[in-house]
Student: 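Right, I'll just put the structure down here and ask away after.
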Amino acid sequence: MKKLGIQDLTVRDGNQSILATRMTRQHIMELAAVLDKVGFYSMEVWGGATFDSAYRFLKESSWEILRDIRKAAPNTKLSMLLRGQNIVGYQHYDNDILERFIRLTIENGIDIIRIFDALNDPTNVRNSIAFTKKHGGHVQAAIAYTVSPVHSNEYYADLVKMYESMGADSICIKDMSGIITPKNAYELVSAIKESSDLPLNLHSHTTANATALVMEQAMKAGVDIVDGCISPFSGGTSHLAVETLLEAAKLTDRETDLDLDALSDAYDLADSIVNYYIESGDLRTRSLIPNPKILTYQVPGGMLSNLLSQLEQQGAADRITDVLKEIPNVRKDMGYPPLVTPLSQMVGTQAVLNVLFGERYKMVPTEIKNYVQGLYGKFPAEPDLDIVEKVMAQIPDKKTPVPPEDLPYVYEDNKKIMTEFLGREPEEEEVVAYSIFPGPVRTYYEEKELGKKANDAPAKQESAPAKSTAPVTNNPAPVANPSTTSAPASVAYDADVAYDVVVDGTAYRLTILS
Ligand code: CO
């Protein structure tokens, strides 16, 4: 029997998918401690949106949480999700910040770094891979899975070979939207296993409700590691339950060696913790409803429900079909980017604007303008050149893409700024956090250390979607990101979930999960 590794995602992706990363530091520690006894191959506990959320919503240092987790779970390998050159943010950061982040991450207890780029552009992950190896971490190179005429099994197998040549220790198929079908999972895992000997991990979400079959087929095809959550954190936009993975393993003659008593203890604790969030209203119950439509539209479930509620708020719910039909068109125009943060928000916004304005690309958000200039990286396929020309004509000051290695270093400047507002010399980890999320990190330290509410808190209101998947509101105030005020249509990020769009002076808040 071939051995099967199971990675538990409860503390990171489970928390992110159904609790919008609001799990408290105490609950995170308690869960990590019981899950540590189960014998998982590894536990994904950090990264993704949790870094930002720690400062922004939990009012905690994300580094301190990581040290807590390491202490609570000394026996299991810990993994994190890194967005390549975007680190845990939404833009490219310079190599100095990237290397410091990766080194600190490993020093503080992370063993495996799952590295991906939204466009699958190797340029955007090569530095992360090099630094992870340099500092002794395990590189798990992840391919962002999507479906398009160019994203064939051969395309992915070639990408895997490329990542292998760059030094990857293992590979992940990252199906962040949960759109892989059982048949495709079998064929893709087979294709990758044929072209590479590296351990292969499958990550998928249960949004479309076919994941048990997906995992069964992947196990049959020889996948080495599968991702799941302890069952109270499973289902909906989250993941398949670990308990179900064990049954699928039996069905496919794969050997697992989890401690079932420890798993049962972990279940009891997870169940009581989830009940706490149900009672406090933080559980995204809507996110637990299966949504097989994502297989038709190829958009993440969260994106679909949020587009719908956004249009409902505008009294334009009848346009949802138009928007859903427009999304694949925009993707095609843009050279088929995978719909993952931040591309999912960008493509969704452009589709809404195209429909609302009645003329395609009459209004183009800044991020799409940056995208067509190549600032996010290489397009997966040739974009529509007429559309590119139309968008380019709307950009007065064109920019040239800069290789990530050439971005100017900001560490010393930011250290000075922090020294000034803290009245003490900041630690390296504090400067790194500030360099990625200046607004929330400054607010966090000012509230904690200086005991004052920051009145220059950045525009990112906390009206962001804390409690439901339908938090879209008409936002009467002008969008506060200064870069948005000059453009007639503009966008601004708020964590990775909310997006402000101004159309004809009316601000819309799009909330799109990915
Ligand atoms: Co995920």
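We count ligands from 1, going down the list as the structure has it; atoms in each ligand are counted the same way. Starting from 1, each residue takes its place in the sequence as its number.
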Student: For the residue pair Leu258 and Ile6, what are the closest heavy atoms and their distance?
Tutor: CD1-CD1, 4.1 Å

Student: Apply side chain to side chain contact (heavy atoms under 4.5 Å, CB included) to residues Val242 and Leu263 and explain how you reach the verdict.
Tutor: CA-CA 9 Å; Val242 166; Leu263 188 64; 4.0 Å; yes

Student: Closest heavy-atom contact between Leu119 and Pro380?
Tutor: CD2-CD, 4.0 Å

Student: Residues two or more places apart in sequence or in another chain: which of them pass side-chain hydrogen bond (donor to acceptor under 3.5 Å, both in side chains) with Thr211?
Tutor: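 Thr211: no side-chain hydrogen bond (donor to acceptor under 3.5 Å, both in side chains) contacts found.
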
Student: Just the protein N/O/S atoms under 2.8 Å from the Co ion (ligand 1), please, no waters.
Tutor: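 Sorted hits: Asp13 OD2, His203 NE2, His205 NE2.
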
Student: Should Glu99 and Lys134 count as an ion pair when the cut-off is N to O under 4.0 Å?
Tutor: yes

Student: Over 60° means perpendicular and under 30° means parallel, so tell me whether Phe101 and Trp46 are parallel, tilted or perpendicular.
Tutor: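 Plane angle under 30°, so parallel.
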
